[in-house]
There are 2 protein chains.
Amino acid sequence: MAEPMYRMIAQDLLEKIQSGTVRPGEQLPTELELRDSYSASRNTVRDAVKWLATRGVVETRPGQGTFATQRIEPFVSTLSADPETGLSGMEGAGWLSEVSGRGRAGMASAPRVEVRVAPRYIAERLHVAEGTQILTRQQERYIDRTAWSLQTTAYPMELVAQGATRLLMAEDIPEGTVAYLRDTLGLKQVGHRDRLLVRPPDENEVRFFKLPDDGRVSVVVVVRTGYRTSSEGLVPFRVTFTVFPADRNQFVINYGCVPGGEPPGPAEG
Amino acid sequence: MAEPMYRMIAQDLLEKIQSGTVRPGEQLPTELELRDSYSASRNTVRDAVKWLATRGVVETRPGQGTFATQRIEPFVSTLSADPETGLSGMEGAGWLSEVSGRGRAGMASAPRVEVRVAPRYIAERLHVAEGTQILTRQQERYIDRTAWSLQTTAYPMELVAQGATRLLMAEDIPEGTVAYLRDTLGLKQVGHRDRLLVRPPDENEVRFFKLPDDGRVSVVVVVRTGYRTSSEGLVPFRVTFTVFPADRNQFVINYGCVPGGEPPGPAEG
DNA sequence: GCAAATTTGTTCGTATGTATT
DNA sequence: CAATACATACGAACAAATTTG
């Protein structure tokens, strides 16, 4: 008896789920039934169920029961620019076309526009003083009616003063803000940098994405900084934070010549 | 009493940790001490500690006690190629130079070379029949003596027959295999695709990276597929799976002209 | 090297609260 | 309102891992 009883019960239930004896979404026996069938105390079967819940194998609903979790069909976003349109899967129209191109229904909220002073983590990336006025545009995106990503882009208010007034409008800029700023101000983005990191979700993200309230499901944050040339060399002029729940998102980056079409399915190794 | 007692205890301990009253790595009071100071039963303080442990705030060590967790200093890997060397932060010498360039000590094991039949997920990506002979090279990488990533690259055995015999040697190819295959076989990689996904670690990964045995810390898998041209168009000729623990790794991708030097610090938004 | 003390881990039993049907 | 199912809380005992003397 190297393994404690609650682990053996958990293992047995896990096998029933992985083998398909209990299908995704299906209800497991109640705690009292499990107590009888495994001849253990209710607390012990609860330990087993909690072990599985922590690992995302089952979820418990008070008053209802314990259920095998459903896997969400992941969506693959292309971070590199489409060679045809020059848009990546993160910008307005590029995102929508990528979603519908995969036969899924995309929906983006109207941007929530705010003017505020730059917090430290934005000021650092825009190379402005902490407390400088900035403009943020926040958009919620849904795929197949499920919350999928949360995007916030920050610009220096300077750009609005220079004439990029559409940034202030709470409406989409379908051609993408990079193209808009180029056409309006002659501001050319000569390059950009993406930074990816994985962290536990904060409270807002748990609520918006309906994530389990333990930190089990992480979010991927893509920080995209756009650069232009100036007398001081390359300087940032916009930064975008996009938050993706890690359980329903994958990313693709293409370099040079690669075949088009569907990227391959999920990876094991 | 909206909040259950174990949550209030957990909240109180969390604040002590976040405010620095209990420093990272420091030991918390024992369960019996907590039971007395909160006037609760030992099982209830255990529920509180477990709630914190699930979220990675504390870790418990049998026979020792409960400790506030230490954050690992993340390492940032550049996925895009260095404009100077043409190497990315994932290939042999490119990786080492990126690590030492940040003032950290990198160490890579000698590759473990294996010849085997292609499992499905590799066969799919190399566009060969399941069961075809392939060559895999697996390397373990350490930073500051901590296990940092696990990389496996698969090639069709065909390449060895054509003369790329150094692939069979259990030793590094410092110039990178892409350059080696080009110089030896004239095989030119015209592009590649990276696919990133986040998933819970498997048993091997938990052991190698010393991750907590619940699925709390995920791993990031970077699947890199290299393409060459042939009479049938673009075809894959190598695929690399690199596994990174998400708690100690970040990624950067540069497009076009971007400033060099240190990328900015960790993100909040 | 061993024994004792300390600390967390497992398991039982029981009672009551809260959410859902 | 009643029945059902999970959630919280208490108490108790023994097991297993680690450190200390």
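Lettering of chains follows the sequences in order, A, B, ..., and the numbering in each one begins at 1.
Listed by chain and residue number, A/Arg102 satisfy the salt bridge (Lys or Arg N to Asp or Glu O under 4.0 Å) test with A/Glu98 (two or more places apart in sequence, or in another chain).
Nearest to the side chain of A/Met5, among C/dC12, D/dA5, D/dA7, sits C/dC12. Comparing D/dT8, D/dA5, C/dT10 by their nearest atom to the side chain of A/Tyr6 picks out C/dT10.
Per the geometry, CZ belonging to B/Arg35 stands 11 Å off P belonging to D/dC10, to the nearest Å. A/Asp213 has its CG atom 13 Å from the C1' atom of D/dA7, to the nearest Å. When the P atom of C/dC12 is taken as reference, atom CD of A/Glu31 falls 14 Å away, rounded to whole Å. In this structure, the CD atom of A/Glu3 is 15 Å from the P atom of C/dG9, given to the nearest Å. Atom P of nucleotide C/dA5 and atom CG of B/Leu32 are separated by 16 Å, given to the nearest angstrom. Rounding to whole angstrom units, CD of residue B/Gln64 and P of C/dG9 are separated by 11 Å. Between A/Asp36 atom CG and C/dG13 atom P there is a gap of 11 Å when expressed in whole angstrom units. Remark: C1' of C/dC12 and CD1 of A/Ile9 are 13 Å apart, rounded to the nearest angstrom.
Of the charged side-chain nitrogens involved, none lies within less than 4.0 Å of a carboxylate oxygen, so that A/Arg120 and A/Glu130 do not count as a salt-bridged pair. Of the charged side-chain nitrogens involved, at least one lies within less than 4.0 Å of a carboxylate oxygen, so that B/Arg199 and B/Glu205 count as a salt-bridged pair. Between B/Asp213 and A/Arg55, at least one side-chain N (NZ, or NE/NH1/NH2) sits under 4.0 Å from a carboxylate O, which counts as a salt bridge.
At the phosphate of C/dT7, neither OP1 nor OP2 sits under 4.0 Å from any side-chain N or O atom of B/Thr60. A close approach under 4.0 Å does occur between a side-chain nitrogen or oxygen of A/Thr66 and OP1 or OP2 of D/dC6.
Comparing B/Gln27 and A/Arg61 by the nucleotide of DNA chain C that holds the closest heavy atom to each, the one mapping nearer the 5' end is B/Gln27.
Summarising the geometry, atom CZ belonging to B/Arg104 is positioned 8.0 Å from atom OG1 belonging to B/Thr146; distances are rounded to the nearest 0.5 Å.
Under the 3.5 Å distance criterion, with hydrogens and angles disregarded, a donor-acceptor pair is assigned to the side chains of A/Asn204 and A/Arg207.
Aromatic pair B/Phe251/B/Phe75: ring centres not closer than 6.0 Å.
A heavy-atom distance below 4.0 Å to DNA chain D is reached by these residues of residues 39-51 of chain A, ordered by number: A/Arg42, A/Asn43, A/Arg46.
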